[in-house]
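Excluded from the calculations below are hydrogen atoms, water molecules and symmetry mates; all remaining heavy atoms, backbone and side chain alike, are included. Chain identifiers are assigned alphabetically (A, B, ...) following the order of the sequence lines, protein sequences preceding nucleic acid strands; residue numbering begins at 1 within each chain.
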There are 2 protein chains.
Amino acid sequence: MRSSTIYDVAQAADVSTSTVSRAFSAPDRVRAATREHVLETARRLGYQPNPHARALVSRRTQTVAMVVSDITNPHFFELIRGAELRAKASGYTLVLVNAEESPRIELEQIQRLTRSVDGFLLAASRQPAENLLQLAATQKVVVVNRRVPGLASVVLEHAEGCRQMVSHLASLGHESVVYLAGPQNSWMAASRWAAIRAAAAELGVHARRMGPFTPTVASGGAAADAALTTDATAAIAHNDLLAIGVLRRLADRGVRVPADVSVVGFDDIFAADLCTPTLTTLGGAHADVGRAAVELLLTSMDQYREQAPQLVVPSELILRRSTGSARTSDLSDR
Amino acid sequence: MRSSTIYDVAQAADVSTSTVSRAFSAPDRVRAATREHVLETARRLGYQPNPHARALVSRRTQTVAMVVSDITNPHFFELIRGAELRAKASGYTLVLVNAEESPRIELEQIQRLTRSVDGFLLAASRQPAENLLQLAATQKVVVVNRRVPGLASVVLEHAEGCRQMVSHLASLGHESVVYLAGPQNSWMAASRWAAIRAAAAELGVHARRMGPFTPTVASGGAAADAALTTDATAAIAHNDLLAIGVLRRLADRGVRVPADVSVVGFDDIFAADLCTPTLTTLGGAHADVGRAAVELLLTSMDQYREQAPQLVVPSELILRRSTGSARTSDLSDR
DNA sequence: CAACATTCTGCAACCCTTTGCCACGCCCCC
DNA sequence: GGGGGCGTGGCAAAGGGTTGCAGAATGTTG
């Protein structure tokens, strides 16, 4: 039972295929009465345009790809959800691609899809900037939670957020903090460290960086141990997963949080409000980030922009139980 | 800069387009030397077949769609991940579709995609069985965590799991349990209740069902309150999200878990090990479920099967802190 | 009513591959 | 030496739309 084509509709409506085509994709190029008649016939025949035939000539696939560095990171869920919803609202389909934290896989997957999608959303891309620029020369690209000069981007605000974070710790008496850094090639990791360092300097707090660490719960053990080799009274983990891993390890080692050490994370994932103690973290409307990114991508498809827009979605410091006053005595004296 | 087509390659390699096509998709229809030459030329020209042109005639898109009832449910993460990985391994792309817990949206999205994908993975579908059968008449379909006579399916074992769960509670002295049910149209909810009821009857435990509840943390409040209107000493929540909501509400109301009430969930989501108390739950290798589902779908595409296979992936009862001995006195006496 | 402008609509080429069918050359065998 | 079979490769027809161009129909104006 072959499904009906544009020919069937044309024949049934007694017009040419071009008229049928236009009735759908250029409604004002055909008289209202004719259009109605065609659409009605199409409906009656259950006609649905074949997306591949359409894509073949129009070079529009009505599909966008979202590449995430690690699909298992809960932080991306909201991002994906926002993007999916927004895409659907414009009749676009979202293809999800997992880079598995590997720049090579990321690139391979992108190559593979260049012909089948209209554009890419690159979330937390691990590619060097030049690769991205090169890609953007032939594809529509929006980078998410990363900024690359010349590329459209959406990031969750974090410079000011980091400042607030350090300031929050400073006000609790912390004089030495450690940043447990994310992956080497993560723009976010570098950017956060820069913001933390600047804020620390300004507030007279000593800040150091350790790592890099893979942003997973499993890596939290090593991160916690590293943090404990320092005199820092507060640890800022690259993300909530890492922070939760740190909390676990500290509990195992009998270090009290926040009495002995304060811990903060980034992302405000669902679990941050469940772990013990609950986690102070820099959150924000991740779904909005995803939504905005798709929006940027879609508008960039049908209008040329002199300058690539760089959007910033506000963040919010969520205070929970993992931060408290700095301990006054040395940890080893306890 | 138009990218190179099969014509360019054919011309450069001095063969016909059919030979180029066959060099790629039917390697043994062309002499080894010719094939090498063609492939080399293609490589040199950076030729990549246009997936749409290919799909148009071959009717194969190398894409499968996965429809989930709610993309924000962490339980699906592993499922999605397993499916994505398996699909990628066979050169397939995974399209993710969110049904937002709405049967209507679910159906619309499926319709929209019928022409652009080779098959559907329907996870926790909320459609009535007849809709699914009808869909399966024209599309390749594998249902996940649901069983429909006549359709290929993969489910995480839960009948035996529910038995273990009830048995675990019975051994702790619980004589009355309540099942806080999932959505009305969820096959899983019905199936779990049947298993729980059977096990309870067998073990001499009183079981009742309340609900339905939307399987979210937010609904946990109502579910907990409902549970407290009964004399049940243990609550089995439809999934971990609901269970976590229940835990929260119980804590707010000063009901101790597990001293006063035991709580168990399903899925073993990441957060189940983080909440307070940690949650006893029926877990399993969800990624395997996703993997198996894709596998079933892919094999069903190139080989006819008399009988639709129904796979069952083993589950595992994870004992944590939310279950303990049944209280001996009435809750209101406390 | 003629001349011209404006909408509509149809023709036909094109988008890029796949694939059924046929032709060719070669080897083998009788 | 002629015929059959097999391994290769080419021809050309899809596959289902979109779109530039031009002709037809309709409307406007003087």
Nearest-angstrom distance from the residue atom [atom1] of [X] to [atom2] of [N]:
X        : N      : atom1 : atom2 : result
B:Leu56  : D:dG17 : CG    : P     : 9 Å
A:His52  : D:dG15 : NE2   : C1'   : 12 Å
A:Asp28  : C:dC8  : CG    : P     : 9 Å
A:Asp14  : C:dT9  : CG    : P     : 12 Å
A:Arg60  : D:dG16 : CZ    : P     : 23 Å
A:Arg115 : C:dC16 : CZ    : P     : 8 Å
B:Asn50  : C:dC16 : CG    : C1'   : 6 Å
A:Leu45  : D:dG16 : CG    : C1'   : 15 Å

### Residue list, side-chain hydrogen bond (donor to acceptor under 3.5 Å, both in side chains) with A:Ser18, at least two apart or on another chain
A:Ser16
### Message
Please tell me if B:Ser16 has a side-chain N or O lying less than 4.0 Å from either OP1 or OP2 of D:dG10.
### Response
yes
### Query
Checking side-chain contact (heavy atoms from CB on, under 4.5 Å) for the pair A:Asp118/A:Arg60: CA distance, chi angles, key distance, verdict?
CA-CA 6 Å; A:Asp118 290 341; A:Arg60 283 294 196 82; 4.0 Å; yes
### Query
CG of A:Asn131 to CZ of A:Arg126: how many Å apart, nearest 0.5 Å?
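A:Asn131 CG to A:Arg126 CZ: 14.5 Å, rounded to 0.5 Å.
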### Query
Among side-chain atoms of A:Ser125 and A:Glu106, is any donor-acceptor pair under 3.5 angstrom?
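Side chains of A:Ser125 and A:Glu106: pair found under 3.5 Å.
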#### Entry: Full working for side-chain contact (heavy atoms from CB on, under 4.5 Å) between A:Leu122 and A:Val67
CA-CA 5 Å; A:Leu122 268 30; A:Val67 185; 3.8 Å; yes
### Summary
Per-nt protein contacts along nucleotides 18-28 of chain D (heavy atom under 4.0 Å; B base, S backbone sugar-phosphate only, - none) come out as BBB--------
### Task
Report the C-alpha distance between A:Arg112 and A:Glu108 in whole Å, list the side-chain angles of each, state the deciding distance to 0.1 Å, and finish with yes or no for salt bridge (charged side-chain N to carboxylate O under 4.0 Å, His left out).
CA-CA 6 Å; A:Arg112 222 174 68 73; A:Glu108 275 175 16; over 6 Å; no
